[in-house]
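Down below is the structure, laid out as structure tokens.
Not measured: the values here are computed from a predicted model. Here is the naming used below: chain letters follow the sequence lines, and residue numbers restart at 1 for every chain. Side-chain atoms are counted along with the backbone in the values below, which use heavy atoms only and exclude waters and symmetry mates.
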2 protein chains.
Amino acid sequence: MKKHGGARENAGRPRGVGPHGEATKPVRIPLSLVESLGSILKSHKIPLYSGRVSAGRPLESDNHVQEYVNLYKKLVPEPESIFCVKAQGDSMVGAGIYDGDLLIVDRHEEAGHKKIVIASVNGEQTVKTLLRVKGQLVLMPQNEKYPPLPITPDMEFSIQGVVKHCVRSFS
Amino acid sequence: MKKHGGARENAGRPRGVGPHGEATKPVRIPLSLVESLGSILKSHKIPLYSGRVSAGRPLESDNHVQEYVNLYKKLVPEPESIFCVKAQGDSMVGAGIYDGDLLIVDRHEEAGHKKIVIASVNGEQTVKTLLRVKGQLVLMPQNEKYPPLPITPDMEFSIQGVVKHCVRSFS
DNA sequence: TCTCTTGAATAATGTACATAAATCAAGATA
DNA sequence: TATCTTGATTTATGTACATTATTCAAGAGA
């Protein structure tokens, strides 16, 4: 009888050598997402490079990875309360919001003073900075071409949510 | 012997009545992601409301959902080739890129004429619009305060990637 | 005849289990 | 002694299968 191995410290396949580097658990996933799941999970670790790169070293080097950013969680921490809307017009260019930008909005965050909000005024939907001055609400554009709009009781007015992020896509 | 049911058309639990509305398959997921997987999958369907809302109807109504946007796939179609970097300075405000914005960069896209790129020049990393005029490369700021920078052979120069999206987050 | 109860049928779901992968060290070989 | 081969050990992984959920219609009861 040949004998090899034997019970001992550190025997066997080490933990964490799987592709995930961590214990896993089977979870049922809709078929349509199974294929892209790999990249979905990967996207939770997008490298965030530091702002400055020291002399001549290529950015590709791992040396410059400052941290990893979970873009997903950053933009959509609570999927249930998030919706998107496209910005129209130039009334908020002072806040860096341009026509066509995609706004990520939290419908549950309280609309405090100086927050950028999506509001409905007399049936018109708009994005503006909300000012609360002594109980008076004002919708403030960020462009001198447009005047502030004080909210009066005779107006239909509601706030749909607070703008959390603005995404502009290039070509 | 009592008899009920029996084999027949449309018998049994119908397809698609599960929470996913679709057939599923068990896939192993790292334990650290299992908890947030529900919201990860949900985020693939962020409602995108139409730009205008007709008279007075609340935005929350499903009537106004124009489509659903897969934010995730939009921003990170190819996780392997994407990295992030924070913008510094005001040389690109003309393109709506402000200090502190998060830039999502594709390192594999070809850096064509008029593309906004992350480049390394003599060891300094920078974001500029790339111009290609008769083989001559120029890094073009989008701010009149700064001059264009023609690339000459004596410069260390490389392009790290093409800026695909700019994300600004509010408070 | 109409309504309610219940068994059969079928899809959805979670997990136990069989298999694969990775590592170590005993024994074989040079 | 140094190197190679191989079995034992342990973790990683995919999936078969038992269980649960949902629906339909037969039969019971009013």
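Along DNA chain D, the nucleotide nearest Arg28(B) and the nucleotide nearest Arg28(A) are compared for position; the residue whose nucleotide lies closer to the 5' end is Arg28(B).
For the pair Ile29(A) CD1 and dG14(C) P, the computed distance is 10 Å after rounding to whole Å. Straight-line distance from the CG atom of Leu31(B) to the P atom of dT15(C): 13 Å, rounded to whole Å. For the pair Arg13(A) CZ and dT10(D) C1', the interatomic distance rounds to 9 Å; values are reported in whole Å.
Take Asp90(B) and apply the salt bridge (Lys or Arg N to Asp or Glu O under 4.0 Å) test, not counting sequence neighbours, and it matches Lys145(B).
Under a 3.5 Å cut-off, the side chain of Asp106(B) and the backbone N or O of Ile82(B) do not form any donor-acceptor pair.
Within residues 14-25 of chain A, the residues having any heavy atom closer than 4.0 Å to DNA chain D are, in order of number, Pro14(A), Arg15(A), Gly16(A), Gly18(A), Pro19(A), Thr24(A).
The minimum heavy-atom distance linking Pro141(A) with Pro148(A) is given by the pair CD-CA, 3.7 Å. Shortest non-hydrogen contact noted between Leu139(A) and Ala119(A) is CD1-CB, 4.1 Å.
Paired with Ile116(A) under the rule side-chain contact (heavy atoms from CB on, under 4.5 Å), one option of Ile97(A), Val162(A), Leu103(A) passes, and it is Ile97(A).
Distance check, rounded to the nearest 0.5 Å: CD of Glu110(B) to CD1 of Ile159(B) gives 9.5 Å.
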